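This report concerns only the one structure given below.
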Protein chains: 4
Amino acid sequence: MEDVQSRPDSRGVVIDRAGIKDLRYPITVLDRIEGKQQTVGIVSASVSVPAATKGTHMSRFLEVLNDHVGEMTLNTIPIILRDMRDRLEADAAYLEVHFTYFLTRTAPVSGASGLMDYECWFKGSDDMSGERFQLGVTTPVTSLCPCSKEISDYGAHNQRGYISIEIESAPDDEGGPSLVWIEELIGWAEEAASCPVYPVLKRPDERHVTMQAYDNPVFVEDMVRGVAVALESDARIASYRIEARNQESIHNHDAFAAVYSAG
Amino acid sequence: MEDVQSRPDSRGVVIDRAGIKDLRYPITVLDRIEGKQQTVGIVSASVSVPAATKGTHMSRFLEVLNDHVGEMTLNTIPIILRDMRDRLEADAAYLEVHFTYFLTRTAPVSGASGLMDYECWFKGSDDMSGERFQLGVTTPVTSLCPCSKEISDYGAHNQRGYISIEIESAPDDEGGPSLVWIEELIGWAEEAASCPVYPVLKRPDERHVTMQAYDNPVFVEDMVRGVAVALESDARIASYRIEARNQESIHNHDAFAAVYSAG
Amino acid sequence: MEDVQSRPDSRGVVIDRAGIKDLRYPITVLDRIEGKQQTVGIVSASVSVPAATKGTHMSRFLEVLNDHVGEMTLNTIPIILRDMRDRLEADAAYLEVHFTYFLTRTAPVSGASGLMDYECWFKGSDDMSGERFQLGVTTPVTSLCPCSKEISDYGAHNQRGYISIEIESAPDDEGGPSLVWIEELIGWAEEAASCPVYPVLKRPDERHVTMQAYDNPVFVEDMVRGVAVALESDARIASYRIEARNQESIHNHDAFAAVYSAG
Amino acid sequence: MEDVQSRPDSRGVVIDRAGIKDLRYPITVLDRIEGKQQTVGIVSASVSVPAATKGTHMSRFLEVLNDHVGEMTLNTIPIILRDMRDRLEADAAYLEVHFTYFLTRTAPVSGASGLMDYECWFKGSDDMSGERFQLGVTTPVTSLCPCSKEISDYGAHNQRGYISIEIESAPDDEGGPSLVWIEELIGWAEEAASCPVYPVLKRPDERHVTMQAYDNPVFVEDMVRGVAVALESDARIASYRIEARNQESIHNHDAFAAVYSAG
């Protein structure tokens with residue numbers, strides 16, 4: 001049976017990426033407290049294709065994933081990328097996986113606990129420029145508008161906001177990507193907001209978060225600045241992208257702000 | 001060339017609906033002030049297929065829509081449905097179209113004006129049970145939590161909410177569906193909320209809406225009840241479905257409530 | 001601290017549903033082969049609210065879910081619903097959970113195996129009309145057009161289709177809902193299509209599925225009929241809703257068909 | 001009333017972008033045949049904020065848009081960006097608008113015509129690096145697998161694919177962005193695919209496109225290469241990004257490929 005994908009191509013166009021997109025897959029990720037956490041990932045994987053070759057072999061991406069039984073961490077992703085390069089005979093390999101991460105959160109007064117969900121992602125690449133590893137987390141928060149508070153006799157509009165932080169790990173002592181925990185990115189995001197959001201709040205908690213938010217008004221611009229200051233001082237972080245978005249309670253469009261590091 | 005769809009089928013299964021889904025199409029709808037408004041619709045259209053026939057003729061749905069050049073109103077939809085029944089030789093026809101509707105809204109103090117968007121839909125059916133016409137509108141609003149206000153020394157959590165109202169028109173004097181304006185459904189929704197949302201707010205407006213929301217706290221349950229009371233007393237409305245949803249500013253999940261009329 | 005939600009309401013409107021929507025939560029479901037499977041659910045839970053009461057207590061939904069540590073099966077959902085009625089002092093309780101289910105699938109010739117994902121959902125209700133339990137599964141399939149095959153000298157357009165089956169379980173011998181496996185719904189859907197879809201296909205497999213689909217052309221109407229015939233003869237199924245949808249490869253809109261049982 | 005946004009900020013962080021996101025707005029775009037076309041846009045607009053200033057004035061974005069009554073073309077967008085810089089006293093301004101564009105398409109044999117929808121976008125920026133204008137179009141196409149055709153005795157799997165082309169205009173003779181028509185990008189995409197997709201196809205048309213696709217098999221890699229060759233030879237285009245994606249009819253995940261120009 002002929003291998004059509006391996007036929008030559010004469011157009012002289014290198015393909016930057018060829019692969020699979022939006023594959024759902026059960027994955028295991030690192031959990032700071034429990035060690036490991038099982039969740040569901042949405043995976044995209046690709047390689048470059050030289051100018052002289054017609055196409056890549058899509059089924060091999062699935063075979064590589066199966067070999068690693070869905071373990072997706074900063075330790076395994078560089079290996080998965082090298083396996084992709086080997087099996088697909090490629091100069092460059094890329095992997096991106098999005099997943100929901102759960103964390104037990106405790107209400108600030110009652111101590112009532114429950115599970116909060118955070119949308120997270122890993123991006124890994126292995127190409128001419130070397131190996132790179134990026135971690136991203138979107139943290140839901142409460143934001144309360146400083147202008148609304150200042151100019152009104154009482155009350156202040158507030159809303160659910162989302163702070164997305166993507167960091168690229170600097171190399172650690174052994175040359176691998178430095179470990180930065182999902183929990184740390186969540187912490188930096190919440191620090192920069194008016195108040196964290198919680199899964200379970202009893203009445204004393206609701207009183208507490210209402211007043212905490214009112215005491216800590218922030219614009220969407222303040223939130224990205226607050227996170228930027230925290231990231232700048234951390235040697236494990238080579239570069240970052242910070243975006244915040246408020247589901248404005250007084251408009252039907254969102255407000256957003258972004259700070260991108262030079263790196 | 002054989003008409004495969006018209007071949008017989010021996011399995012004895014009537015098909016309730018066969019047709020096309022998620023067709024984007026430029027449409028014209030009624031505008032209370034301007035007369036007409038041009039927008040983009042997402043259209044689904046279907047007919048029933050008798051047990052003895054293999055399938056329907058999908059291309060004819062497009063032909064019927066083209067004949068009506070995208071005019072979608074409570075006057076044209078019954079005609080489109082009859083055309084679909086005729087052209088597709090069907091006992092029942094169904095049409096659903098979702099679209100964004102724009103309305104000029106004026107800020108409460110400064111008078112600054114801008115365009116607000118509302119997600120709307122029409123559902124029409126023509127089958128054994130007769131002709132039916134339904135209008136739906138989702139209105140964005142501000143909601144401020146009565147419990148948070150009551151139990152806190154200052155502030156109150158608030159958020160963007162969405163009130164969806166779907167009404168079925170009762171017959172008017174000539175037997176057609178009674179005209180209820182999109183603008184009326186928006187009005188009822190805003191009446192039931194803490195405050196409307198606006199496209200443009202200058203500082204004096206922001207002060208005004210902040211305090212208006214604080215003065216009118218409502219639960220998601222209050223919003224659906226408020227709308228229900230308004231709809232119950234309107235003879236043009238045969239039945240309704242009301243749903244409200246708050247993008248809770250203190251949680252990462254939404255709160256919702258619904259009232260469905262008996263009809 | 002006052003319980004604002006328990007205040008009286010004088011408008012005389014019963015609220016059909018009040019609760020939480022789109023809560024992400026790690027859940028465990030039944031797996032025919034492995035016993036249990038861990039995945040991520042999107043949960044909506046609600047209760048009715050009597051006309052005389054202002055609102056429900058949203059935090060208690062989370063508490064009930066926590067008590068059951070995310071176990072979502074036809075055995076636990078009736079208990080969760082009763083707990084919701086008790087804890088929220090309600091006449092009616094509703095639960096809906098959507099999740100991705102994974103199944104190891106083996107390629108038809110090479111035997112290469114991998115994980116396929118299926119979107120599934122449970123709906124449970126406990127109200128005046130009794131207890132109900134519904135299972136839904138969307139199965140991706142290949143469909144090949146009989147008309148295109150018939151009228152062309154060679155080739156036939158085909159595409160990815162999705163067959164959604166929702167069944168309501170009839171009571172079993174002990175009065176609980178009859179067990180119907182997710183795997184059975186997937187089987188009925190694939191039987192009615194031109195060919196199953198697979199996670200991993202090597203070249204001999206690709207040859208096999210290409211020819212299998214060409215040998216089994218079906219319209220979207222055929223797919224819903226095929227499933228209807230299978231469901232009609234199964235005593236465990238009280239009622240059903242079948243919908244099929246083709247991502248037509250020759251159009252930018254989808255074709256769809258539906259059969260709804262009388263029940 | 002104090003202008004809180006204009007207060008100083010001492011953290012020393014320049015904000016790359018602050019503005020509004022996902023505003024729906026009725027817009028007018030250039031239409032090669034009709035001159036103008038009215039549609040609905042989803043708009044994001046932002047500016048940079050100097051390190052020493054607390055925030056931007058969100059309502060002014062709406063005011064600028066209102067001044068231009070939604071006219072969004074390669075001629076107006078540079079002016080809108082300059083207005084944004086002026087009104088918001090900013091060093092950099094960014095605009096992005098996504099919209100559905102409709103084109104009348106005629107079936108290849110019967111001549112039956114209908115409206116096809118294409119997702120399009122403009123990106124404009126005006127910052128230290130000068131003025132830039134980008135146009136993007138996603139064109140739905142049919143793709144038929146060369147491998148499946150080659151190794152099977154009959155048939156070949158095919159599917160709906162989407163080719164996304166984003167080009168940056170080179171300056172024209174007067175220094176503005178060179179005009180490249182949406183219709184041209186659609187043409188290049190369709191040339192690179194197995195067959196165009198159409199809104200209305202009668203039986204003779206369906207026969208034609210079935211056989212045309214079978215006669216022109218292409219991998220997702222071939223589609224991006226085909227477009228790259230066309231774009232490379234066009235002096236109006238400064239740089240480009242090409243992505244293709246197939247809704248594989250034999251899998252539940254997509255295949256994709258990308259070529260990014262050096263620019």
Side-chain angles (χ1 to χ4, degrees), chain B residues 1-5 7 9 11-25 43-44 46 49 51 53-56 58-59 61-62 145-151 217 219-222 224-226 228-229 232 241-246 248 251-260, chain C residues 1-5 7 9 11-25 43-44 46 49 51 53-56 58-59 61-62 145-151 217 219-222 224-226 228-229 232 241-246 248 251-260:
Chain B
M1 228 174 270
E2 206 199 318
D3 182 357
V4 184
Q5 280 86 350
R7 285 181 184 168
D9 194 281
R11 284 171 286 191
V13 179
V14 173
I15 292 177
D16 291 281
R17 300 194 183 196
I20 58 170
K21 226 181 175 92
D22 290 351
L23 171 78
R24 281 170 198 273
Y25 206 87
V43 178
S44 297
S46 60
V49 179
T53 304
K54 195 159 173 63
T56 192
M58 299 285 181
S59 66
F61 290 103
L62 277 291
C145 178
C147 173
S148 170
K149 175 182 174 181
E150 178 75 31
I151 64 180
F219 287 123
V220 74
E221 293 95 333
D222 290 313
V224 291
R225 273 190 174 128
V229 168
E232 278 294 340
R241 297 173 66 82
I242 308 163
E243 298 186 338
R245 175 179 191 134
N246 277 343
E248 294 289 290
H251 294 302
N252 197 29
H253 55 264
D254 291 354
F256 87 105
V259 174
Y260 308 125
Chain C
M1 229 172 268
E2 207 199 318
D3 182 357
V4 184
Q5 279 86 351
R7 285 182 184 167
D9 194 281
R11 283 169 287 191
V13 179
V14 173
I15 292 177
D16 291 281
R17 300 193 181 196
I20 58 170
K21 225 181 177 92
D22 291 351
L23 171 78
R24 283 172 195 273
Y25 206 87
V43 178
S44 296
S46 60
V49 180
T53 305
K54 195 159 174 60
T56 193
M58 299 286 180
S59 66
F61 291 103
L62 277 291
C145 179
C147 174
S148 169
K149 175 182 174 180
E150 178 76 28
I151 63 179
F219 287 123
V220 74
E221 292 95 333
D222 290 314
V224 291
R225 273 191 174 128
V229 168
E232 279 293 341
R241 298 174 64 83
I242 309 163
E243 298 186 337
R245 175 179 190 133
N246 277 343
E248 295 290 289
H251 293 301
N252 198 28
H253 55 264
D254 291 353
F256 86 105
V259 173
Y260 308 126

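Every value quoted in this text rests on a predicted model; they were computed, and no experiment measured them. Every chain is numbered from 1, with letters handed out A, B, ... down the list of sequences.
Contact tally against chain C (heavy-atom pairs below 4.5 Å) for Ala228(B), Gly19(B), Ser44(B): the top residue is Gly19(B). For chain C, the option among Arg17(B), Met1(B), Met58(B), Glu243(B) with the highest count of heavy-atom pairs below 4.5 Å is Arg17(B). Heavy-atom pairs under 4.5 Å with chain B peak, among Asp222(C), Val229(C), Leu23(C), Asn252(C), at Asp222(C). With respect to chain C, the highest number of heavy-atom pairs below 4.5 Å among Lys21(B), His253(B), Lys54(B), Glu2(B) belongs to Lys21(B).
With a threshold of 4.5 angstrom between heavy atoms, Glu150(C) approaches chain B through side-chain atoms but not through N, CA, C or O. Interface remark: Val224(C) contributes side-chain atoms only to the contact with chain B (heavy atom separation under 4.5 Å). Both the backbone and the side chain of Ala255(C) come within less than 4.5 Å of a heavy atom in chain B. Interface residue Val14(C): only backbone heavy atoms are found under 4.5 Å from chain B. Neither the backbone nor the side chain of Ile242(C) comes within contact range of chain B; no heavy atom of the residue lies under 4.5 Å from a heavy atom of that chain. Neither the backbone nor the side chain of Ser148(C) comes within contact range of chain B, judged by heavy atoms closer than 4.5 Å. Of the atoms belonging to Val49(C), heavy atoms from both backbone and side chain fall under 4.5 Å from chain B.
Val4(B) places a side-chain heavy atom less than 4.5 Å from the side chain of Phe219(C). When side chains are defined from C-beta on, Glu232(C) does not count as touching Val13(B), because their heavy atoms never get closer than 4.5 Å. Taking the side chain as every heavy atom from C-beta outward, Asp22(B) and Arg245(C) approach each other to under 4.5 Å.
In this view, Arg24(C) and Glu119(A) satisfy the salt bridge (Lys or Arg N to Asp or Glu O under 4.0 Å) rule, not counting sequence neighbours. Residues that satisfy the salt bridge (Lys or Arg N to Asp or Glu O under 4.0 Å) test with Asp9(B), not counting sequence neighbours, are Arg11(B), Arg225(C).
Separation of atoms CZ (Arg7(B)) and SG (Cys147(C)) is listed at 9.0 Å; rounding is to 0.5 Å.
Ile15(C) and Ala257(B) make their closest contact through CG2-CB, 4.4 Å (heavy atoms, listed as atom of the first residue, atom of the second, distance). Residues Glu221(B) and Gly55(C) come closest through the heavy atom pair OE2-CA, 3.4 Å.
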